[in-house]
Amino acid sequence: MPPASPTTPGPFGSKLLRKSSRSMLGMDPQKIIKTFFGANSGITIVVLVLIMVFLLREGAGFLSTYHHELEVYRKAGLEFCDIADTPLKQQQQLTSALRRAKASAASDEAKRALGDAEEAFETAIEPADEIVSELKTHATETKELANEFHTLEVGRLQLLAAAYSTSDPTRKADLLKEAELSKVDAPNYEERIAAVIDRREELAKALTDYTTVLGTAAVALPDAVADVKTAVPAHIAEVHAAVKKLETWSWQEPVSFFTAARSFFFGTGWITNSSWQDFYGVVPLLTGSLLISLVALLIATPISVSAAIYTNQFASDQEKEIIKPVIEFIQAIPSVVLGFIGIAVVGDLIKGVSQWEILSWIPGFPIQERLNIFNAGFLLAFMAVPTMFSLAEDALNNVPRAYSEASDALGATKLQTVFRVIVPAAISGILAAILLGLGRVIGETMVVLLVAGNRIAIPDFGDGLGVIFQPAHTLTGIIAQELGEVSRGSSHWQALFMVGILLFVISLSVNWCARTIAKRFEHPKA
Amino acid sequence: MPETASSAAQHAPVVQVRDMDFCYGSKAALHSIHLDVEYHRVTALIGPSGCGKSTLLRCINRMNDRVAGARVSKGEILVKGKNIHDADVDLTQLRRQVGMVFQKSNPFPKTIYENVAYGLRVHGVKDKTTLDEAVERSLTQAALWDELKDRLQAHALGLSGGQQQRLCIARAIATMPDVLLMDEPCSALDPIATLKIEELIAQLARNYSVVIVTHNMQQAVRVSDFTAFLHLGKLVEFAPTEELFTNPREKLTDSYLRGTFS
């Protein structure tokens with residue numbers, strides 16, 4: 001039967017081909033279907049925008065809150081105490097080094113000499129130590145006053161806002177009265193800080209005296225504790241620097257927003273829930289995240305790229321049918337299960353292996369911690385392999401057949417064709433695959449939370465490459481660990497959202513780079 | 001023109017296809033093909049689509065090895081007197097002797113220089129002077145040297161379509177093959193670029209034996225010395241071009257040339 005022509009449709013054609021004459025809700029059904037699909041793709045974009053807005057809204061308040069906290073930190077004199085405290089902490093380290101030396105000393109005579117030295121160290125610092133601890137108590141009181149005032153002030157402002165928005169006159173009067181009652185005076189920082197400033201001279205003198213005593217005591221130290229002996233001059237210099245800083249310190253010096261931002265992005269300490277002062281410095285977390293990702297990338301890249309090259313270029317059809325699903329299956333393993341494996345298997349394994357004599361040349365071996373950067377990086381590499389493999393394989397697959405044909409016709413061997421023509425032609429896609437793998441790794445949370453060791457400190461790069469066997473904490477891990485426990489809207493809460501924003505920006509830029517690289521050299525369609 | 005071969009060998013056909021059958025798996029594609037490619041002459045293969053002319057071309061440098069199940073089931077092909085399916089034949093050496101240019105220009109995404117030098121590099125040539133000389137010679141023979149000598153380090157994919165195809169010819173002749181196979185080299189080009197390639201083919205015949213597949217009969221007349229007409233996997237007629245086009249012996253050839261094909 002010849003097909004029904006559009007002008008004269010047959011009996012069935014007329015039913016099937018005609019445009020519906022009916023309409024739903026006054027709209028053409030085709031239009032409804034189109035709108036439905038369009039709306040679905042629109043929703044994803046809207047959701048993404050909402051996520052960004054939400055993150056920014058929660059995080060935006062952080063800088064001003066943190067700025068306020070740092071201001072109180074300075075005005076209440078906590079900063080002053082911290083300047084003096086730094087050399088005191090060093091002194092404690094020196095003394096405990098002496099104590100350890102004493103415990104392991106061979107002869108009684110040496111023990112006695114070291115004991116005397118330790119005592120001399122302890123007595124020398126006592127006056128300064130006393131002053132600092134008194135000042136600390138005073139500063140903490142000031143800070144508590146400031147916090148109390150801040151809380152009340154915020155509550156009062158809320159009452160006032162409620163009062164102005166209500167229309168009921170009696171309720172308005174009540175609210176205003178309540179607000180009036182909760183009004184308290186701001187703490188008088190000038191008066192409070194005077195007690196601290198007054199003792200500045202005294203503290204400076206105590207510290208200077210301490211250095212004099214220490215200098216003479218250090219000369220008498222036995223050679224057995226050479227490390228302490230050499231550390232003393234540097235320590236003395238630090239104390240002098242601290243004294244100078246104390247003398248120029250002023251409580252009135254304004255804290256700029258720039259300082260708050262800098263102490264977030266470049267701050268070396270992430271100290272929370274402390275009785276003294278909270279600091280939100282992101283550097284330890286960022287280093288942890290970057291080191292773990294780097295390790296993961298270094299392990300995953302060669303594995304996935306060579307697997308992709310083999311599968312795409314050399315494997316027989318049966319091999320392909322095994323390799324591809326198996327590698328893609330890795331993606332189906334829940335990350336928390338990989339975390340178990342990291343704790344139960346990989347940790348013990350690398351610790352055991354690190355104790356082998358023949359491997360002692362590897363920096364950082366034998367390792368102390370089962371849960372460390374390398375362990376986390378290793379498991380993340382495992383998670384990144386499927387992403388990187390699939391994308392790299394796609395990139396190789398997209399290389400026009402004409403290239404390999406031309407290369408073959410010129411007498412190149414299979415290996416020459418693969419490494420001189422196909423891989424170079426796919427290199428942008430392979431790089432993009434690596435970057436997208438990096439994006440996957442940076443954002444991963446569960447494995448690093450379980451396996452990275454969660455020590456919030458900048459890893460000690462003095463170990464050289466051994467640094468990767470130290471525990472670390474990460475940007476993702478810290479959010480997962482702390483967000484459930486902080487009070488909503490506090491500075492800590494906001495700081496975690498800032499970490500989220502940072503993470504978002506990193507992932508976004510990694511993805512953007514990947515897209516740019518992939519677009520850079522698009523193959524002619526062949 | 002290098003006159004290394006003895007004059008006797010010069011007159012022997014450089015490629016001899018002897019009574020060859022070819023099949024893709026169980027499907028026969030060519031039947032009893034018997035064809036000689038003369039030394040330093042242009043041989044054209046014509047015929048309707050699917051007649052096997054490209055398959056025949058690809059048999060000569062064993063490009064069909066890439067296709068699973070494709071094989072010569074009867075007869076043999078000799079290149080310079082040597083059976084190319086002998087066990088001791090090195091495929092890379094064969095392809096060095098028999099160069100190929102494809103239907104669609106396919107320069108590598110590399111520089112112009114690297115494209116031309118590629119064939120030598122895969123055969124282990126590392127010496128810079130040798131490579132430089134080969135690049136200059138090949139580009140000159142492909143009539144590209146004057147256009148491109150100042151931008152040898154430019155990316156090959158930035159050239160025009162005609163230039164790209166001539167670059168592919170330069171790449172194929174850089175290894176100094178004895179035979180140059182061309183699979184519809186002008187089908188994707190405009191008339192002016194086509195004209196340039198046709199002129200080039202005439203010049204190339206001074207140094208190389210050329211086999212060209214074309215669906216354009218005028219082109220076969222213009223460029224070739226001998227023409228083979230294939231139909232349904234059989235060689236219908238093979239004769240000097242002028243003879244075949246003016247005075248075909250076979251009725252089938254005649255009707256194909258007239259366009260009165262049933």
Side-chain angles (χ1 to χ4, degrees), chain A residues 305 308-322 391-433 516-526, chain B residues 57-58 60-68 90-111 114-125 138 155-159 161 164-165 167-175 177 179-183 188:
Chain A
V305 172
I309 292 176
Y310 180 79
T311 316
N312 189 265
Q313 292 295 323
F314 299 102
S316 65
D317 284 352
Q318 293 105 307
E319 280 179 309
K320 271 184 203 171
E321 259 166 46
I322 297 169
L391 291 169
E393 217 254 342
D394 281 351
L396 289 165
N397 216 13
N398 284 341
V399 174
R401 267 177 57 92
Y403 291 166
S404 65
E405 210 166 38
S407 177
D408 268 9
L410 285 163
T413 60
K414 183 74 192 170
L415 272 181
Q416 285 172 328
T417 303
V418 169
F419 289 104
R420 287 173 188 240
V421 176
I422 295 175
V423 172
I427 198 72
S428 60
I430 292 175
L431 283 177
T516 319
I517 291 178
K519 256 194 199 161
R520 187 85 178 271
F521 304 102
E522 272 186 344
H523 298 299
K525 295 270 173 285
Chain B
L57 191 79
R58 282 161 176 262
I60 302 174
N61 67 346
R62 286 178 57 184
M63 276 305 272
N64 287 321
D65 288 14
R66 287 170 59 95
V67 183
D90 179 4
L91 201 56
T92 63
Q93 279 308 315
L94 170 70
R95 287 177 181 166
R96 195 180 173 162
Q97 281 179 356
V98 185
M100 184 160 186
V101 176
F102 295 85
Q103 187 169 359
K104 196 162 178 296
S105 64
N106 54 358
F108 300 127
K110 296 171 181 282
T111 63
E114 282 306 320
N115 260 286
V116 182
Y118 183 85
L120 292 166
R121 284 200 198 275
V122 299
H123 288 105
V125 177
S138 316
H155 206 260
L157 297 182
L159 300 176
Q164 286 192 12
Q165 190 61 299
L167 181 66
C168 291
I169 293 174
R171 181 177 66 185
I173 60 183
T175 53
V179 185
L180 188 60
L181 309 177
M182 300 179 129
D183 191 354

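Order of the sequence lines fixes the chain letters, A, B, ..., with proteins taken first and strands second; residue numbering starts at 1 for each chain. FYI, side chains are in, hydrogens and waters are out, and symmetry mates aren't considered; it's all heavy atoms of this structure.
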Which heavy atom in B/R95 sits nearest to a heavy atom in A/D408, and how many Å separate them?
-> CD-O, 3.0 Å

B/R121 CZ to A/Q416 CD distance, which is reported to the nearest 0.5 Å | 12.0 Å

Would a 4.5 Å heavy-atom cut-off, applied to side chains only, mark A/R401 and B/R66 as touching?
-> yes

Working to the nearest 0.5 Å, report the span between OG1 of A/T413 and CG of B/D90.
-> 10.0 Å

Note: A/E405-B/R58 ion pair, threshold 4.0 Å (strictly below) | yes

Which atoms of B/P177 approach chain A - backbone, side chain, both or neither, heavy atom under 4.5 Å = neither

B/K110 side-chain N/O to A/R420 backbone N/O, donor-acceptor pair under 3.5 Å = yes

Mind listing the closest non-hydrogen atom pair of B/P107 and A/Y403 along with its distance?
-> O-CE2, 3.3 Å

On a heavy-atom basis, the closest approach of A/A409 and B/M100 is CB-CB, 4.0 Å

Looking only at heavy atoms, which two atoms of B/N106 and A/A406 are closest? And how far apart?
-> ND2-CB, 3.3 Å

Listed partners of B/Q164 passing side-chain hydrogen bond (donor to acceptor under 3.5 Å, both in side chains), at least two apart = B/S105

For A/L410 and B/Y118, which heavy atoms make the closest approach, and how far apart are they?
-> CD1-CD2, 3.7 Å

The interface call for B/V101 against chain A, heavy-atom contacts under 4.5 Å, is neither

